[in-house]
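These numbers come from a predicted model, not from an experiment. Protein chains get the first letters and strands the later ones, always in sequence-line order, with residue 1 at the start of each.
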Amino acid sequence: MERIYLDYAATTPTHPEVVKAMQPYFYDKFGNASSLYSFGQEAKAALEESRQKVADFIGAKPEEIVFTSGGSESNNTALKGVAFALRGKGNRIITSVVEHHAVGEPGKFLAKEGFEIITLPVDSNGLVDPDAVRKALNDKTILVSIMHANNEIGTIQPITEMGRICREKGVLFHTDAVQAVGHLPTMVSELTVDLLSASGHKFYGPKGVGFLYIRRGTKIKPLIQGGDQERRFRAGTENTAGIVGLAKAVEIAAVEMEEEGKKLTQLRDALIKGILKAVPDSRLNGHPAQRLPNNVNISFAYVEGESMLLNLDLEGIAVSTGSACTSSSLEPSSVLLAIGLPAESAHGSIRFTLGKWTTQAHVDRVLDIFPKIVAKLRAMSPLYPGDK
Amino acid sequence: MERIYLDYAATTPTHPEVVKAMQPYFYDKFGNASSLYSFGQEAKAALEESRQKVADFIGAKPEEIVFTSGGSESNNTALKGVAFALRGKGNRIITSVVEHHAVGEPGKFLAKEGFEIITLPVDSNGLVDPDAVRKALNDKTILVSIMHANNEIGTIQPITEMGRICREKGVLFHTDAVQAVGHLPTMVSELTVDLLSASGHKFYGPKGVGFLYIRRGTKIKPLIQGGDQERRFRAGTENTAGIVGLAKAVEIAAVEMEEEGKKLTQLRDALIKGILKAVPDSRLNGHPAQRLPNNVNISFAYVEGESMLLNLDLEGIAVSTGSACTSSSLEPSSVLLAIGLPAESAHGSIRFTLGKWTTQAHVDRVLDIFPKIVAKLRAMSPLYPGDK
Amino acid sequence: MAETPFPYSETVMDHFRNPRNVGVMENPSGVGKVGNPICGDVMELFIKVENNIITDTRFRTFGCGAAIATSSMVTELVKGKSLEEALKISNKAVAEALGGLPPIKMHCSVLAEEALKAAIDDYRKKQTVK
Amino acid sequence: MAETPFPYSETVMDHFRNPRNVGVMENPSGVGKVGNPICGDVMELFIKVENNIITDTRFRTFGCGAAIATSSMVTELVKGKSLEEALKISNKAVAEALGGLPPIKMHCSVLAEEALKAAIDDYRKKQTVK
Ligand SMILES: Cc1ncc(COP(=O)(O)O)c(C=O)c1O
Ligand SMILES: Cc1ncc(COP(=O)(O)O)c(C=O)c1O
């Protein structure tokens, strides 16, 4: 049985070319990039070349790129870093109800440390209203953090609009672009952001490496303090192999992203249309158009997500769900609740996320198998009113 | 010209077996370890197997091991994590003047946040006096953090003795064991520590991955907050390949560490004896016996470190120095100053650190070349009084 | 493909794939319905009782893999048992019969126990009413 | 081995490897000694002046690669120059002649400039005393 992976938003395979690019930096060119002798300088050269590639990709200067261990670290650095650096200036931080936990949890921590966290709502498509951002700004506001594209429902926020409002008011603006970088254009000047988080493994780079764009002049307290690496924004011996891999992923994205986006949009729409047609009582979650090219998130009445996921897995198809049953919190997805879904529908949601190696055949197979799975589960559901 | 790497304390090459062990987790078994379907579960299995190996190696339980991005993150998590978790209980943190910056800098940050940081001195061998720890403890003390082995001068601290004092008084004890793990026995029950930091690339594992041992029941605020990974002690998609590599490094260390230590001690002593004999006005820094098996740190009067390092590099030999000239701070090594070295001697120090692939031939070559380099530089030094 | 795709035992997976006694029972002696769609699981258990013995069972479940497997298992476990014996079946017994459950799924076995108790309760209430 | 082992230009490395005019001068016209061993660099510059022209130079330096290279370069640059011309040689000119220096090493070129000035000063003082 061919396994079909449709959870690219959770993580992507590391591109074989990325893996290849990393290899010399394990044993041959293994030096510490902070060392002055030749072993160190060849690592340093690779590091700075990688920084240049990443900077070019998002229209930044190399010195504005700080390599991190991934999206969560980037987000934590942005939030806590600005909070502790600007504590004297103000204490209000504005964010949204659909942020990833790696923004939400630092927010909770900061709330305990005396910061005021304003969590903006979203509409039924998952959009934050730029006007709500404007209204929430006051002279105590030190940071606005709104994600670029949502990891669950794929909704793309009007970042540029919000960025301009913040820039105008002189308030720092961070965007968690972990789901966007490598998939959508993310030029920082266009987005008008001061801070931008990304994670390698979400776009065919290695896990355990990401970056944070920090606009020149932005005040930030480093999260990981110690040595002089990364212009003192992030201590720790540089993960040269990982960083070279990340840069390779960026290089590949620069070439393939646009075409891939078109292909995935087609496959995505075929999958959405096919499922909504074949499965009654199903509804698409997230914005119908302003959504990631690879994201399909659908709720199915009367059935629970994990049981669908599990049946798909038995057929070799990997997906994800917003059901409580797959999280340790036993709460269904807060994003789905935030767009107004009743809890039982949130429990009955499935996210298919497509990627570089997804084909029409994969979509066809899902369309063949999945309706049967739902039908089987509905037949044993006490909530199901029967075929109408 | 054969390159001779004698800076294993800065970073080690990733062991070829480690590199090999990592490969399947890039493209084939790339799943997100938090995912429930088979792609995720095979990553999860690798992760938990790795955790078990690491736990076994230091005599801990698997649930006491938290994987991080390296030594700096581990140290920051330990210090800030305990500080923010126990802020209600007290505000004194005791550490030493020879700690790595990845302890010292978080200490400075915490001092600004209202914590009282006590920095204990060391003797001329670099040892912290356990009695000084005892005396510094008061009822406001929430944490003691003393490094296991020093990265510059190799001095090994009496961790067990200090650990027992802290345990007796009910104060948490952290040790930065980044230079010790994989090189010295580091059983946590013997050391009597509550927290222990390690970094993969210091013992032939990959860069960008490390761990923090957190003794069961220890209260700590995570540094990187977000998802439910690592039992909520550390958010972020797990770097499966890196973690598997780290575990492989631990496995190799378990087998080879003891023999390697013996071999390195011999080579180390041959190098120390040879240099002290061949180069007048040179002195060994650090403890003569209680030192890392691979560490040689010697000061040479009348000459500056970088110029020695550079001359060695021209001969293909990689070493490190405590001279200001190689750091961006323009201060010489604070560790060398702490053991009472005058600044000019600190500037004239060279650290040779040996490792798995160091041979007697390497030592011989250094002993052949290095005295000539010192002589050449002394001949052009205005400080040099001439041959006596 | 990995041997065990899910953090579930083989027995759980077997009952999930091929749940026993699924469906609605015509004229049941007792019905128990527990859980809440808001929490993500609802179980409906039907029993047929003859001479104080549970002779037949059916269930319908809205819920995760563990919820379906525990429902299936409990319907198997009680068949042929007296009501008193059936009431002694604890959630742990259900979980054990399934070869164990992940900790965060133990509540599913509790639900199965509760569904059974509710069904027996329902049967007894109907008896007293008569 | 990497092409450029150090973050130094080829010219810096050349002057570091083969420093020009190293040593002590017998009966110098002027000597300048600047820097501090505590800070990690000391330069001693000797000049021979004839008819207001620097005809010969020597130096000794305790310091890093850049310190040695800048000393060497400055001794080359001033040879054959009048004192007035020599005084116009700025630290930037020394750094430029070396093909540039890393930012944290620019202070070494400052030291070289200062050593030269001190040597010329010393020469001039000796002249007035005479
Ligand atoms: C003693 C000590 N602690 C902490 C660190 C930091 O480790 P890393 O660079 O892996 O973050 C190092 C090495 O740089 C070290 O030698
Ligand atoms: C939107 C978003 N932000 C942050 C993260 C965290 O990234 P990482 O797991 O690489 O730390 C993720 C993915 O998990 C994400 O989807």
Audit row: B:E238, A:H201, side chain to side chain contact (heavy atoms under 4.5 Å, CB included) steps and yes/no
CA-CA 10 Å; B:E238 299 89 342; A:H201 72 98; over 6 Å; no
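- Contact annotation for A:K108: neither backbone nor side-chain heavy atoms come within less than 4.5 Å of a heavy atom of chain B.
- For residues 70-79 of chain B, heavy-atom neighbours of chain A at less than 4.5 Å comprise B:S72, B:E73, B:N76, sorted by residue number.
- Chosen from B:Y204, B:W357, B:Y25, the residue pairing most often with chain A at heavy-atom distances under 4.5 Å is B:W357.
- B:A318 touches chain A through backbone and side chain together, each having a heavy atom under 4.5 Å away.
- Although no hydrogens or angles enter the test, the distance criterion places a donor-acceptor pair under 3.5 Å between the side chain of B:K207 and the main chain of A:F30.
- Remark: the backbone N or O of A:V209 is not paired with any side-chain donor or acceptor of B:N239 at under 3.5 angstrom.
- Note: B:T12 leads B:V103, B:L312, B:T12 in heavy-atom pairs under 4.5 Å with chain A.
- With 3.5 Å as the limit, one finds a donor-acceptor pair spanning the side chains of B:Q225 and A:K80.
- In this structure, B:F84 and A:F84 have tilted ring planes: the angle between them lies in the 30° to 60° band.
- For A:A10, the parts lying near chain B are the backbone and the side chain together; criterion is any non-hydrogen pair under 4.5 Å.
- Ion pair A:E113/B:R87 flagged as a salt bridge, since at least one NZ, NE, NH1 or NH2 atom sits closer than 4.0 Å to an Asp/Glu carboxylate oxygen.
- Ranked by non-hydrogen atom pairs under 4.5 Å with chain A, the options B:P106, B:G236, B:A235 are led by B:P106.
- In plain terms, the two heavy atoms of B:D7 and A:S35 that are nearest each other are OD2-OG, 3.8 Å.
- Interface remark: A:V319 contributes backbone atoms only to the contact with chain B (heavy atom separation under 4.5 Å).
- Of the possible donor and acceptor atoms, none in the side chain of A:N32 sits under 3.5 Å from a partner among the backbone N and O of B:T11.
- Using a 4.5 Å cut-off between heavy atoms, A:Q229 makes no contact with chain B at all.
- Side-chain contact between A:L36 and B:L310: absent, with no pair of heavy atoms (C-beta onward) separated by less than 4.5 Å.
- Using cut-offs of 30° and 60° for the angle between ring planes, the A:F26 and B:F26 rings count as tilted.
- The candidate with the highest count of non-hydrogen atom pairs below 4.5 Å against chain A, out of B:G31, B:G227, B:G242, is B:G31.
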List the steps, then state whether side chain to side chain contact (heavy atoms under 4.5 Å, CB included) holds for B:K112 with A:K221.
CA-CA 12 Å; B:K112 283 204 187 119; A:K221 267 267 171 226; 4.0 Å; yes
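- Side-chain contact between B:Q23 and A:Q23 is present, with heavy atoms from C-beta onward closer than 4.5 Å.
- Ionic pairing of B:E105 and A:R234 is not present here: no N-O contact between side-chain nitrogen and carboxylate oxygen is shorter than 4.0 angstrom.
- Residues passing the side chain to side chain donor-acceptor pair (under 3.5 Å) test with B:E17, sequence neighbours excluded: none.
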